[in-house]
Amino acid sequence: MKLWAREKPPEGQPAPVTTVPSGKTLGAEIQGLDLKHISAEEFGAIHSAWLDYLVVLIRGQQLTDGDLIRFSGRFGELDWAPVQETGRRFVEGHPEIYVVSNVIENGTPIGSLGSGEAVWHTDMSYLETPPKASILYALTVPPVGGDTYFCNMYAAYDSLPSSVRERISPLNLKHDATYNSGGYIRQGMTPADDPINSMGVYHPIVTTHPETGRKALYLGRRRNAYIGGLPLAESEALLDELWQYATQHELTWRNEWKRGDLVLWDNRCTMHRRDAFDPRFSRILHRTQIKGEIRPSA
Ligand code: SIN
């Protein structure tokens, strides 16, 4: 456990900010913060924890969309959210906010991804320069289900046999733009299940994190993924093998959401997925995504 501020605050002062690692290969909770009012020192602690633990949980927040955008903006310029499956942008006046929800109002979903499983992915890797971070803030959560899992893609790379590392080091992977992680077609896309010809962007399979210098597997999403230049069957077999390493249980950590939780993750070295939940319960989370500064590179 790291203490980032005074160990014993003077009488009447707020408790110190502490970082509590999850004990897994990624994930830490930072306690003692009100994200509406953080100092430069506290932001520094969050930023370091994000690079060290890849996923950071901060509980007990009460944020407006404006607060969420202001906090997110401390990490860099924000990307506009992907357009909802219905073609709608989400929050009037806040194009940066992506709403993840199963709630339907007047016959129209207020957000994306419904109540089914969202499969393993990293956010918006179908862009040439995908977001470096995402931040998800829980407004309404079901009593059970809808947990979000994260996996450590540095550890996944480190766990590969050296023969596999050598084989993949020169290869590029197409990240499909057709479907989102809930299996819904993205706005403006035509349904396609041909990995060779589907729309998408190529990135190296092994990337070097621009801030930590560590190597990570960069897989994006399994559906319609294709390793450039390989016969399709060979690409499929190699991807299946890599995905087994990437999603091994020992390399994951999950958040069982409480209202007021904020989770920040590094898209350059993690993937995430979400469990399905009972559609009779409402789940509403607001997400921001922080622009990457450079394209993923080997
Ligand atoms: C997402 O993929 O950003 C949403 C995950 C979730 O619903 O927990």
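If you read the sequence from its start, that first residue is 1, and numbering goes on from there. Note that ligands are numbered from 1 as they come in the structure, with each ligand's atoms numbered from 1 the same way.
- Using a 4.0 Å cut-off between a side-chain N of Lys or Arg and a carboxylate O of Asp or Glu, E250 and K24 do not qualify as a salt bridge.
- Every atom of ligand 1 is numbered from 1 in the order shown, and the set under 4.0 Å from a heavy atom of V100 is 7 (O).
- A salt bridge links R222 to D240: at least one charged side-chain nitrogen sits closer than 4.0 Å to a carboxylate oxygen.
- When L113, T122, D275, D147 are ranked by how near their heavy atoms come to atom 4 (C) of ligand 1, first place goes to L113.
- Taking the charged nitrogens against the carboxylate oxygens, R70 and D67 do have a contact shorter than 4.0 Å, which makes a salt bridge.
- For the pair R283 and F277, the cation-pi criterion (under 6.0 Å, within 45° of the ring axis) is fulfilled.
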Given side chain to side chain donor-acceptor pair (under 3.5 Å), test D65 with H286 step by step and report yes or no. CA-CA 8 Å; D65 284 330; H286 283 191; 2.7 Å; yes

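- Nearest protein heavy-atom neighbour of atom 3 (O) of ligand 1: R287 NH1, 2.9 Å.
- We find that R167 and E234 are joined by a salt bridge, their nearest charged nitrogen and carboxylate oxygen being less than 4.0 Å apart.
- The shortest N or O to N or O distance between R274 and ligand 1 is below 3.5 Å.
- Protein heavy atom at the shortest distance from atom 1 (C) of ligand 1 is H272 NE2, 3.6 Å.
- Contact analysis leaves L285 out of contact with ligand 1, as no non-hydrogen atom separation drops below 4.0 angstrom.
- When heavy-atom distances to ligand 1 are checked against a 4.0 Å cut-off, L136 comes that close only through its side chain, counted from C-beta outward.
- Counting the atoms of ligand 1 from 1 in the order shown, those under 4.0 Å from a heavy atom of R283 are 6 (C), 7 (O), 8 (O).
- Counting atoms of ligand 1 from 1 in the listed order, those under 4.0 Å from a heavy atom of T148 are 6 (C), 8 (O).
- Residue contacts with ligand 1 include H121, since one or more of its heavy atoms lies under 4.0 Å from the ligand.
- Checked against the 6.0 Å centroid threshold, F150 and W265 count as a close aromatic pair.
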